[in-house]
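First comes the structure, then the notes that go with it.
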Amino acid sequence: MPAVKHLYLGGYGPAVVRIDEALQPQARVPFPRASFLALHPTLPVLYAIGENDEGVVAAFDRDGLTPIGERSSGGSAACHLAVHPSGGVLAVANYGDGTASLHLLDERGHFTGEPILLPHTGNGPVSDRQQNPHAHQAVFDDDVLHVSDLGTDEIRRYSLSGEPLGFVRLAPGLGPRHFAFDGTHWHVAGELDNSVTSYDASWRPVARADASATPGSFPSHLEARDGLVYVANRGPDTISVLRAGSLEKVAEVSCGGAWPRHFALADDRLLVANQNSGEVVGFILKDGVPQPDGLVIAMESPACVLPA
């Protein structure tokens, strides 16, 4: 795997795992329901959230996965986290009650001070999924924190100190899950309506497309790179490739397993965490289209794959 020295894997099993260049487990630390991981931008620290009724966020030495700190995520069912490029603050999205939170980090990358809680209220038209807020992803763009809320069809925005900066209201019933900014457009995966919607930098909608050609798909992770938008589709178990701007379909290929919860783009490769079939599957990108490369790493219920 050229230029990828290590992989960190988290999921709904009992541990976080570090995989070496020979694709062998190099370190493992007990930490159940680690559904998302993130690295400090400059320090050898790995962060993980525990998707429990009472959410947890933890820090580990990235080499040996030695625990160095743990605290409440500030809400229930923590499902995503991100570290600001400065390395001074970490954000968590708690799906269960919709509370996002900000956690200050010191010069060692350790937690410091009290967390800043960002609760929310509201609901949406899909009665069995949008009874209340469901914060799903935290994304920093410069010094603005963006939080997708599947329960209220909004992108919530905050300063790094937690001051509310307003909300972007999306189409009712879209159910925003993961989203990405490519420098020109925001791209949002709609979990509840099988969609990808693109917006300009001011959040004006410019294009919409089905995430999968198969009705009833539940899009999960989305990334944008090199003029293309990639989205994972649970149900049909595919990865779709769309052209940024028009959202014209370039390809839709099998994810190599079942229920692709997350994927990572690493140089000329794509790595997919297939939650229900229990493996991470590798693809080579040919003209941006994923093609199987034979890589399969077995892991119980993987939910996040993080190259380093």
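Predicted model, so just to flag it, every value in this text is computed and none were measured.
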* Okay, side chain of H187, backbone of T197: is any donor-acceptor separation there less than 3.5 Å? -> no
Query raised in the report: Between K249 and D210, is the closest basic N to carboxylate O distance under 4.0 Å?
Result: no
Residues R177 and P219: closest non-hydrogen pair is CD-O, 3.4 Å
| Does the S76 side chain pair with the main chain of D97, one donor and one acceptor, at a distance under 3.5 Å? | yes
query: So with a 6.0 Å cut-off around CZ of R225, is the heavy-atom count from everything else above 12?
result: yes
Take H84 and D143 through the side-chain hydrogen bond (donor to acceptor under 3.5 Å, both in side chains) test and state the conclusion after the steps. CA-CA 8 Å; H84 187 266; D143 289 340; 3.0 Å; yes
In short, L222 meets H178 closest at the heavy-atom pair N-CB, 3.9 Å
Practice prompt. Check step by step if side chain to side chain contact (heavy atoms under 4.5 Å, CB included) holds for R18 and L7.
Written response: CA-CA 6 Å; R18 173 179 160 121; L7 293 177; over 6 Å; no
- request: Kindly say whether G288 contributes a backbone atom to a donor-acceptor pair with the side chain of Y230 at under 3.5 angstrom?
  value: yes
Worksheet entry | Whether D20 side chain and Q24 backbone form a donor-acceptor pair below 3.5 Å | yes
Show me the donor-acceptor pairs, under 3.5 Å and distance only, between side chains in residues 255-263 and residues at least two apart or in other chains.
{"unit_1": "R261", "atom_1": "NE", "unit_2": "Y12", "atom_2": "OH", "d": "3.4"}
{"unit_1": "R261", "atom_1": "NH2", "unit_2": "Y12", "atom_2": "OH", "d": "2.8"}
{"unit_1": "H262", "atom_1": "ND1", "unit_2": "V305", "atom_2": "N", "d": "3.2"}

Ignoring hydrogens and geometry, is there a side-chain-to-backbone donor-acceptor pair from S198 to G245 under 3.5 Å?
no
In this structure, CG of L90 is separated from CZ of R71 (nearest 0.5 Å) by 9.5 Å
Rounding to 0.5 Å, atoms CG (L228) and CG (D287) come to a distance of 9.5 Å
**Request:** Please tell me if the side chains of L271 and F283 come closer than 4.5 Å, counting only heavy atoms from C-beta onward.
**Result:** no
- Task: Carefully, step by step, assess S277 and E279 under the rule side-chain hydrogen bond (donor to acceptor under 3.5 Å, both in side chains).
- Result: CA-CA 6 Å; S277 51; E279 77 275 297; 2.4 Å; yes
Shortest non-hydrogen pair, L160 vs L102, comes out as O-CD1, 3.4 Å
**Asked** Are the side chain of D153 and the backbone N or O of G175 linked by a donor-acceptor pair below 3.5 Å?
**Response** yes
What verdict does the ring-ring contact (aromatic ring centres under 6.0 Å, His included) test give for Y47 and F36, after you've listed the backbone C-alpha separation in whole Å, the side-chain angles of each residue and the deciding distance to 0.1 Å?
CA-CA 8 Å; Y47 302 95; F36 212 83; over 10 Å; no
**Report entry** Check against ring-ring contact (aromatic ring centres under 6.0 Å, His included), H120 and F167
**Finding:** CA-CA 11 Å; H120 194 48; F167 310 98; 5.0 Å; yes
Is it the case that the side chain of D142 and the backbone of V144 share a donor-acceptor pair, with hydrogens and angles ignored and the cut-off at 3.5 Å? no
- request: Indicate yes or no for a side-chain donor-acceptor contact from D149 to the backbone of P133 under 3.5 Å, with no hydrogens or angles considered.
  value: no
One pair to check against side-chain hydrogen bond (donor to acceptor under 3.5 Å, both in side chains): E252 and T238. What are the steps and the verdict? CA-CA 6 Å; E252 183 171 358; T238 60; 2.7 Å; yes
ask   = Checking S72 side chain against G74 main chain: does a donor-acceptor pair fall under 3.5 Å?
value = yes
One should read off an interatomic distance between L9 CG and L37 CG, to the nearest 0.5 angstrom, of 8.0 Å
Tightest non-hydrogen contact, residues F60 and P67, listed as CD2-CA, 3.6 Å
Closest non-hydrogen atoms of E223 and L265, given as atom of the first, atom of the second and distance, are OE1-CD1, 3.6 Å
In terms of heavy-atom contacts, L39 and P307 come closest through CD1-O, 4.3 Å
- Check whether the ring centres of H185 and Y199 lie less than 6.0 Å apart, and answer yes or no. no
### Message
Taking K5 first and then E21, would you say they form a salt bridge - that is, a charged N and a carboxylate O separated by under 4.0 Å?
### Response
no
- prompt: Under the side-chain hydrogen bond (donor to acceptor under 3.5 Å, both in side chains) criterion, do T214 and N233 qualify, and how do the steps go?
  reply: CA-CA 9 Å; T214 303; N233 303 301; over 6 Å; no
**Request:** Answer yes or no: does atom CD of Q131 have more than 12 heavy-atom neighbours from other residues, nucleotides or ligands under 6.0 Å?
**Result:** yes
- Donor-acceptor under 3.5 Å (Q137 side chain, V147 main chain): no
### Message
Taking R108 first and then D106, would you say they form a salt bridge - that is, a charged N and a carboxylate O separated by under 4.0 Å?
### Response
yes
